[in-house]
Amino acid sequence: MQELINKITELQKNKYTLLQASEKPKIGWVSIYTPEEIIHAAGIHPFRITGEKSLESTNATTLLHRNICSYVLSCLEEGIEGKYDFMEKNIVVVDSCNSRRRLYDVWNHYLKPDFSFSFFLPRFQNEFYRDFFRSQTLQFMEAIKGHFHCDISEEALLKSIEVFNGTRKKMQKLYNLRKENKVVISGSDMQSITQSGMTGFKEEFNSRMENLLSRVNEENGEHISQKHRVLICGSYFDHLNLIEVIEKTGAMVVCEDISNGIKYYDGEIEVEGSPVEAISDYYFNKITSACLFNTDKRVNYLLKVIKEYNIQSVVYFSLKFCDSNLMDYPYIKKQLNESNIPVLSIELERHLTNLQSIKTRIQSFFETKIP
Amino acid sequence: MIVLNQEELQRDIQYQNMINAITASKHESNDRMSSLRTSKMVSIINSYNFTSAYKNKSKVAFVGEQFPIELILALKVIPFNLETMAALLSRSDNLKTYFTLGDENNLSRDVCSVLRGEFGLGLSNCLPTPDVMVSCNHPCDGYMKIIFNLQKLYNKRVCSMDVPAVANDVTISYVEAQFRNMAKDIGSELNIKLEESDLMEVVNNSNQAKEYYYKTLDMFENSYLPDVSHELMMIAMVNLWGSKEIIKVCKTLYEEALEIREKQKEKKMRKRVIWFGQMSFFSDQIIEYIEKEVEIIYFGPFVNYRDRINPENPYRSLAKRFITYSWNPFTMSETIHQFSTKFKISGIILQNAWGCRDILGVNNMLRDAAKENKLKILMLDNDFLDKEKVAFDHVKNRIDAFMEILQ
């Protein structure tokens, strides 16, 4: 099975080489509210900018202050270092928080991308706000058509929806197996699989996922784990080494309620009328993110997931200076306490400058939870 | 997180708590007191409004900084600006107690100290129980989240206001529609009908006041007017637009500015710098030190320059004003370009407030704007509320160096 997992995670590990080899134009994105299907339907390759290749943010802090969220700084650092020169630094930024808003300003002003677009994510939910989001989605589509001189047909949109829904369904199948404790995939492998699905090679990803799911079904719950079950939530998080630290204590990460976890793959697009509206509404209805006003929706979803996955502990990783997650924490902590769910809160930097102290805190926390 | 019971949520108790919070100071302030009559008027009006908000019969709405309060006033509701309350708290010896309360309730120390102060005041039951709360991502998402957390204490209706950062026809229409919805929502929640005549009254008040306000601002083109820019900034911050009193405040300041101009006419103009962002609320030490050498002109009053509310469509005017006040490096750069020559500006001072992502996110683009306009720039890392995060002697060295290159 590991071989099949490796085949999937190669997409993530070789992301830059593969992206450069692809002849399609490309657009990077930084928020899971980006309607990728529209980019895909235009024949353009959408992928998440992750900042993972920047080892520090020295250059970025000359353009943005060091007290800005370090995910944003690391993405900017990659841009400055020329990691995205091969695709003319094209970017779409959904204005979902104050730091991303500034990322767009600075990226656009200093890096001079060939194509850039920013649209605003309403922080509240009702039909009025949904309509505004729809209007911006249409503007985004028109901007792509105008810039790349391409058509985006209804047929192409429906095809892209099918491909992206396919990815969602496959990931949800894998998640369901984790819920039922029928599959043992380490937290770090799972994280790599999740990120592979964000590289934009959807068709390839879907095919490799199909192979993995077939194998998992063949094994049919052969490897039942009795480990302490952990859920990760909070800011953007891709620190495989921290997942390993958790798992070395004898616990197992079985769910990632984060933007590069189940939140990205949640639900599916249901087309009844206009496909553009269906796409827009799918993203607008992602209501469990920290950037929105109503934390109750986030908490209710979190509690539902905790129940479904039979979670025993939660680790809340918040990036330093990620205000949305930092300010949600008081209420989330209170609600988890009331549900008797132990939670460990860790503020961390993108570049893990405080790794040793974080390790100690994780180890101490799980020593008290695992006999 | 702390839960307040109904017996505690009484405004007379909250008033006493607030008074205890903001008056706990063993030290006499060494800060300058403005000698302007306007300053005293503003203090009296603020005190009156503050006290009124704690009376049981008053209708109170929590609002954020620069929220266009005309609409709230037209509904006969008292707008209660949480940022102003945090600013008051900054001079208290007990500030740390309120921060600690936030820490103990799991709020990070890395968020803006104004938000930490607001959260601490809420948890310690110092704020008047509101009748309605306006949650808004302007000036920042942090403020929106504070309202969510406070709503859990008071369980009151929240009205939403969603503000994009860029002003254009589409976004202005979007915010305009929300103002219309908000007027209806607050009206139905508090059983108040918004009368057209009341709305026109606040519009007229606001516009009349702005006439004096901008006439005063324009006097800086050719005059040295100590203290006046500071007062213009204070008027913008306390945000009394639409009230009857604001007309008298702005008229008085204009008259005082005329008197000052007359007195100062023989004096040589001083070098001028423009100050971006707000000042530290706990002390005027930095401002006073800089003003020994140069004249400070505050940026705030230049935003929405010559802004007036169109009586034909006040909602749209308010929407435009609100969006334009967002921290937007491009419009700020344009403003620098527009006013630096006219007002003979030599340099820019930007206060980087710890935890304020809006300010921190624009500083390099402002540095470039300064360069393009041949202006010197000084960036000060500082805090709005927490004096423990600031060492004046460290800042002083940088100010001295800036002054040398200015001269």
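First the proteins, then the strands, lettered A, B, ... as listed; each starts at 1.
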Heavy-atom count around B/Lys376 NZ within 6.0 Å, excluding the residue itself: above 12?
no
Is it true that atom NZ of B/Lys320 has more than 12 heavy atoms of other residues, nucleotides or ligands lying nearer than 6.0 Å?
no
Given that the side chain runs from C-beta out, which part of [X] has a heavy atom under 4.5 Å from chain A: side chain, backbone, both or neither?
| X | value |
| --- | --- |
| B/Asn328 | backbone |
| B/Asn363 | side chain |
| B/Met161 | backbone |
| B/Ile359 | neither |
| B/Val158 | side chain |

Steps toward salt bridge (charged side-chain N to carboxylate O under 4.0 Å, His left out) verdict (A/Arg100, B/Asp141)
CA-CA 12 Å; A/Arg100 280 183 175 82; B/Asp141 287 318; over 6 Å; no
Counting only heavy atoms closer than 4.5 Å, note whether [X] contacts chain B via side chain, backbone, both or neither.
| X | value |
| --- | --- |
| A/Ser96 | backbone |
| A/Asn294 | both |
| A/Cys322 | neither |
| A/Ser318 | neither |
| A/Leu103 | neither |
| A/Asn98 | both |

Can you tell me if B/Asp368 and A/Tyr110 form a side-chain donor-acceptor pair at under 3.5 Å?
yes
Under 3.5 Å, is there a donor-acceptor pair between the A/Tyr129 and B/Ser160 side chains?
yes
Check against side-chain contact (heavy atoms from CB on, under 4.5 Å), A/Gln139 and B/Val170:
CA-CA 11 Å; A/Gln139 279 178 34; B/Val170 174; 4.2 Å; yes
Thinking salt bridges, do B/Asp162 and A/Arg123 make one under a 4.0 Å N-O criterion?
no
Test: B/Lys145 and A/Asp323 ion pair at under 4.0 Å:
no
With sequence neighbours excluded, tell me which residues meet salt bridge (charged side-chain N to carboxylate O under 4.0 Å, His left out) with B/Lys152.
A/Asp296
So B/Met144 and A/Phe124, do their side chains get closer than 4.5 Å, heavy atoms only?
yes
Is any side-chain heavy atom of B/Gln178 closer than 4.5 Å to a side-chain heavy atom of A/Phe132?
no
Anything under 30° is parallel, anything over 60° is perpendicular, the rest tilted; go ahead and classify A/Tyr331 against B/Phe148.
perpendicular
Donor-acceptor pair, B/Asn149 side chain versus A/Met327 backbone, under 3.5 Å?
yes
List the steps, then state whether side-chain contact (heavy atoms from CB on, under 4.5 Å) holds for A/Arg102 with B/Asp358.
CA-CA 8 Å; A/Arg102 297 306 164 214; B/Asp358 271 334; 3.2 Å; yes
A/Arg66 vs B/Asp381, test: side-chain contact (heavy atoms from CB on, under 4.5 Å). Steps then yes/no.
CA-CA 11 Å; A/Arg66 64 185 179 280; B/Asp381 281 356; 3.4 Å; yes
Positions in residues 67-80 of chain A that reach chain B, provided some heavy atom is under 4.5 Å away
A/Asn67, A/Ile68
